[in-house]
J.: 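Okay, here's the structure, questions in a sec.
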Amino acid sequence: MLKYLLSYSFLALIFLLPFAVKAQVVITNPAFPQVDKPVLITFDATQGSGGLAGYTGDVYAHTGVITSQSSSGSDWKYVKSNWGQNTPETKLTRIADDLYTLEITPDIRQYYGVPQNEQILQMAFVFRSEEEVGGSYLEGKTETGGDIFVEVYEGGLQVSFELPATDALIQVPGDSIFIKVNSSEANMISLFNDGVLMKQDTGDMLQDTLITGLYGKHWIKAVATNDTGYVADSFYYYVRKPTVVQEMPAGIRDGINYTDDETVVLSLVAPYKEFVFVIGDFNDWEVDSSFAMKLTPDSVRFWLEIEGLTPLQEYIFQYFVDGELRIADPYTDKTSDPWDDKYITDQVYPGLIDYPAGKTFGIAGVLQTAQTDYPWQVESFTPPAPEDLIIY
């Protein structure tokens, strides 16, 4: 979630600015961990990658920090124990099925042993099983299989949404959304729906329930204020219309269909699904009515025609299914991978398009109109029958 700290004179601008939202895998108490104070980490094994869901053995944290001396956002410092090493201070306490806590005491700096002259930016975690299961450790990581990072604060005015813990809610009229806002050092928290004040409260927490109404996209913003200024956080929810049922154009196959140099028709086989949106570079990865896929009358395929694309430009995209599942097109001839693409150098693949980090998660597909046909050197090749193929 993106936060702003500005003077009061700019308060009106808060309602014109989009904010990025990112769900967290762990919850901290306090909500804004400070470097010189203890913090309680609560880990829900059913969230994120879910690798430890249902596991009944002991769970340990592989943990370190990102500091001012880290060479990158993945350069852990002051790691508490080697991978696979079980120590009392990294053992989590089971408080319920799939729910664990870890106490960082007496404070964050002393727990990790970070010198006073080094700034702590984030705590980093990977949770794992006590011992290997089937030849490897079970792991609790982010939804994309990455390390879990928790921001560390020096103090000051802060605000963020604890609930809803998602980046885009897709609703229908009459749905309810429970909202929980946490703040630090605020005199007042104000909650706005599309710029209209919903509720105000003093203290470090605000809760409210919103009943959805009008179709379209709506922004919820929380503004925390004190004598120094204000900070804000935000998320959006989208109230969708019923899925349009319409026959797919003739000649369209499953996957990506390039109909001209600026147009593509996408077809996804998704029976028993209620709705699908296409999200990608062409709509800044946000849910939009123009990118709601239509459903064929037999309720088997979703399809959408996208026009106005720039010839030869690569676009990364995903299908957002039922507001929960983000997937690449199964027939795409190129993927964008948040885990492995970062290891591909320009020498191996010049000009590889960057994964849209912070805007989505999971494998995405790539489309590109006006491609030049590959000049096959052997045109008489006859492949084996599909049942005889061995594909690596």
Side-chain angles (χ1 to χ4, degrees), residues 1-4 16-25 48 73 142-146 149 160-161 164-171 177 194 215-221 232-241 243 255-256 262-268 270 273-294 302-310 313-332 334-342 352-369:
M1 295 188 179
L2 185 62
K3 304 169 181 68
Y4 289 80
L16 304 176
L17 296 171
F19 292 75
V21 181
K22 188 175 183 179
Q24 294 183 356
V25 179
T142 68
E143 195 161 7
T144 60
F149 294 101
S160 70
F161 284 96
T166 185
D167 62 347
L169 291 174
I170 301 180
Q171 311 284 295
I177 302 173
D194 289 335
Y215 293 122
K217 185 181 298 181
H218 305 274
W219 284 95
I220 301 295
K221 298 181 177 69
D233 196 8
S234 150
F235 71 91
Y236 77 86
Y237 68 95
Y238 184 90
V239 182
R240 68 177 185 87
K241 295 181 179 179
T243 300
I256 304 170
E262 298 180 355
T263 308
V264 67
V265 177
L266 303 175
S267 174
L268 175 68
K273 298 302 181 182
E274 192 172 357
F275 61 90
V276 181
F277 285 86
V278 179
I279 54 176
D281 293 338
F282 30 68
N283 57 18
D284 199 27
W285 295 91
E286 292 185 5
V287 175
D288 188 289
S289 60
S290 300
F291 294 88
M293 302 188 79
K294 299 174 183 177
F302 288 85
W303 67 275
L304 177 69
E305 182 180 59
I306 302 176
E307 301 177 299
L309 300 174
T310 301
Q313 178 176 330
E314 290 187 307
Y315 295 88
I316 303 176
F317 75 101
Q318 289 175 319
Y319 299 115
F320 194 13
V321 183
D322 283 354
E324 298 177 351
L325 180 66
R326 299 178 185 229
I327 59 172
D329 190 296
Y331 293 93
T332 187
K334 182 176 181 179
T335 61
S336 186
D337 186 327
W339 304 292
D340 296 327
D341 281 4
K342 59 187 176 183
L352 179 65
I353 187 170
D354 291 334
Y355 184 83
K359 295 184 177 181
T360 192
F361 51 84
I363 300 293
V366 179
L367 63 83
Q368 182 187 36
T369 62

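Because the structure is predicted, anything quoted here is derived from the model rather than measured. Every heavy atom of this structure was used, including side-chain atoms; hydrogens, water molecules and symmetry mates were not.
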J.: Does the side chain of Glu262 come under 3.5 Å of the side chain of Thr369 through a donor N or O and an acceptor N or O?
T.: no
J.: Within the side chain of Glu274, is there an N or O that forms a donor-acceptor pair under 3.5 Å with the backbone of Val321?
T.: no
J.: Considering all heavy atoms of both residues, which atom of Ala328 and which atom of Gly365 are nearest to each other, and what is their separation?
T.: CB-N, 3.5 Å
J.: Applying side-chain hydrogen bond (donor to acceptor under 3.5 Å, both in side chains), run through Ser290 and Asp288 and close with a yes or a no.
T.: CA-CA 5 Å; Ser290 300; Asp288 188 289; 3.2 Å; yes
J.: Please list, chain by chain and in numerical order, all residues satisfying side chain to side chain contact (heavy atoms under 4.5 Å, CB included) with Tyr331, sequence neighbours excluded.
T.: Asp254, Asp329
J.: What pair of heavy atoms forms the shortest contact from Ile363 to Pro338, and how long is it?
T.: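 Of all heavy-atom pairs spanning Ile363 and Pro338, the closest is CD1-CD, 4.1 Å.
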J.: Parallel, tilted or perpendicular for Phe277 and Tyr238, by the 30°/60° rule?
T.: perpendicular
J.: Does the side chain of Thr243 come within less than 4.5 Å of Lys294's, by heavy atoms?
T.: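 No, their side chains stay 4.5 Å or more apart.
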J.: Start with the C-alpha gap between Lys221 and Asp233, add the side-chain angles, then the distance that decides, and say whether side chain to side chain contact (heavy atoms under 4.5 Å, CB included) holds.
T.: CA-CA 6 Å; Lys221 298 181 177 69; Asp233 196 8; over 6 Å; no
J.: Establish, yes or no, whether the cationic atom of Arg240 lies under 6.0 Å from the six-membered ring centre of Tyr215 and within 45° of the ring axis.
T.: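 No, a cation-pi geometry is absent between Arg240 and Tyr215.
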J.: Is the shortest side-chain heavy-atom distance between Tyr319 and Met293 below 4.5 Å?
T.: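 Yes, at least one pair of side-chain atoms sits under 4.5 Å.
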J.: State, yes or no, whether a side-chain contact exists between Ile306 and Tyr315 at a heavy-atom distance under 4.5 Å.
T.: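 Of all side-chain heavy-atom pairs linking Tyr315 with Ile306, none is under 4.5 Å.
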J.: Does the pair Ile327 and Leu268 meet the rule for a side chain to side chain contact (heavy atoms under 4.5 Å, CB included), with working shown?
T.: CA-CA 10 Å; Ile327 59 172; Leu268 175 68; 4.3 Å; yes
J.: Roughly how far, to the nearest 0.5 Å, is the NZ atom of Lys217 from the CD atom of Glu286?
T.: 3.5 Å
J.: About how many Å separate OG of Ser336 and CG of Asp341, when rounded to the nearest 0.5 Å?
T.: 5.0 Å
J.: How long is the straight-line distance from CG of Leu169 back to NE2 of His218, given to the nearest 0.5 Å?
T.: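 Between His218 NE2 and Leu169 CG, I get 12.0 Å after rounding to 0.5 Å.
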J.: With distance as the sole test, does Asp281 use its side chain to make a donor-acceptor pair with the main-chain N or O of Ile316 at under 3.5 Å?
T.: yes
J.: Give the intermediate values and the outcome of side chain to side chain contact (heavy atoms under 4.5 Å, CB included) for residues Thr142 and Phe149.
T.: CA-CA 9 Å; Thr142 68; Phe149 294 101; over 6 Å; no
J.: Counting N and O atoms only, with roles assigned by atom type, does the side chain of Thr332 sit under 3.5 Å from a partner on the main chain of Val366, one being a donor and the other an acceptor?
T.: yes
J.: When rounded to the nearest 0.5 angstrom, what distance separates CZ in Phe317 from CG in Leu304?
T.: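 Phe317 atom CZ to Leu304 atom CG measures 10.5 Å (nearest 0.5 Å).
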J.: Evaluate the side-chain proximity of Lys334 to Leu352: yes if any heavy-atom separation is below 4.5 Å, no if none is.
T.: yes
J.: If we only count heavy atoms from C-beta on, is the Ile220 to Ser234 side-chain gap below 4.5 Å?
T.: no
J.: Are Val264 and Leu309 packed together at the side-chain level, in the sense that at least one heavy-atom pair is separated by less than 4.5 angstrom?
T.: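 Contact flag for Val264/Leu309 side chains = yes.
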J.: Can the ring centres of Phe282 and Phe291 be said to be less than 6.0 Å apart?
T.: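 Distance test on ring centres: under 6.0 Å, yes.
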J.: Is the backbone of Trp285 close enough, under 3.5 Å, to the side chain of Asn283 for a donor and an acceptor to pair up by distance?
T.: yes
J.: In chain order, what residues pass the salt bridge (Lys or Arg N to Asp or Glu O under 4.0 Å) check against Glu143, with sequence neighbours excluded?
T.: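 Residues passing salt bridge (Lys or Arg N to Asp or Glu O under 4.0 Å) with Glu143: none at all.
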J.: Which heavy atom of Pro164 sits nearest a heavy atom of Ile177, and at what distance?
T.: CG-CG2, 4.2 Å
J.: State, yes or no, whether a side-chain contact exists between Tyr237 and Val239 at a heavy-atom distance under 4.5 Å.
T.: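 Yes, at least one pair of side-chain atoms sits under 4.5 Å.
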J.: Output, in order, the C-alpha distance, side-chain angles, deciding distance and verdict of side chain to side chain contact (heavy atoms under 4.5 Å, CB included) for Phe302 and Leu266.
T.: CA-CA 8 Å; Phe302 288 85; Leu266 303 175; over 6 Å; no
J.: Any idea which heavy atoms bring Thr263 and Glu307 closest together, and the distance?
T.: CG2-CG, 3.9 Å
J.: Are Lys359 and Asp284 close enough that some pair of their side-chain heavy atoms sits under 4.5 Å apart?
T.: yes
J.: Determine, step by step, whether Gln318 and Thr360 satisfy the side-chain hydrogen bond (donor to acceptor under 3.5 Å, both in side chains) criterion, reporting the C-alpha distance in whole Å, the side-chain angles of both residues, the deciding distance to 0.1 Å, and the verdict.
T.: CA-CA 9 Å; Gln318 289 175 319; Thr360 192; 2.5 Å; yes
J.: Could you tell me whether the side chain of Tyr355 and the main chain of Gly362 form a donor-acceptor pair under 3.5 Å?
T.: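 Flag set: sc Tyr355 to bb Gly362 pair under 3.5 Å.
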J.: Asp322 side chain to Phe275 main-chain N or O, any donor-acceptor pair under 3.5 Å?
T.: yes
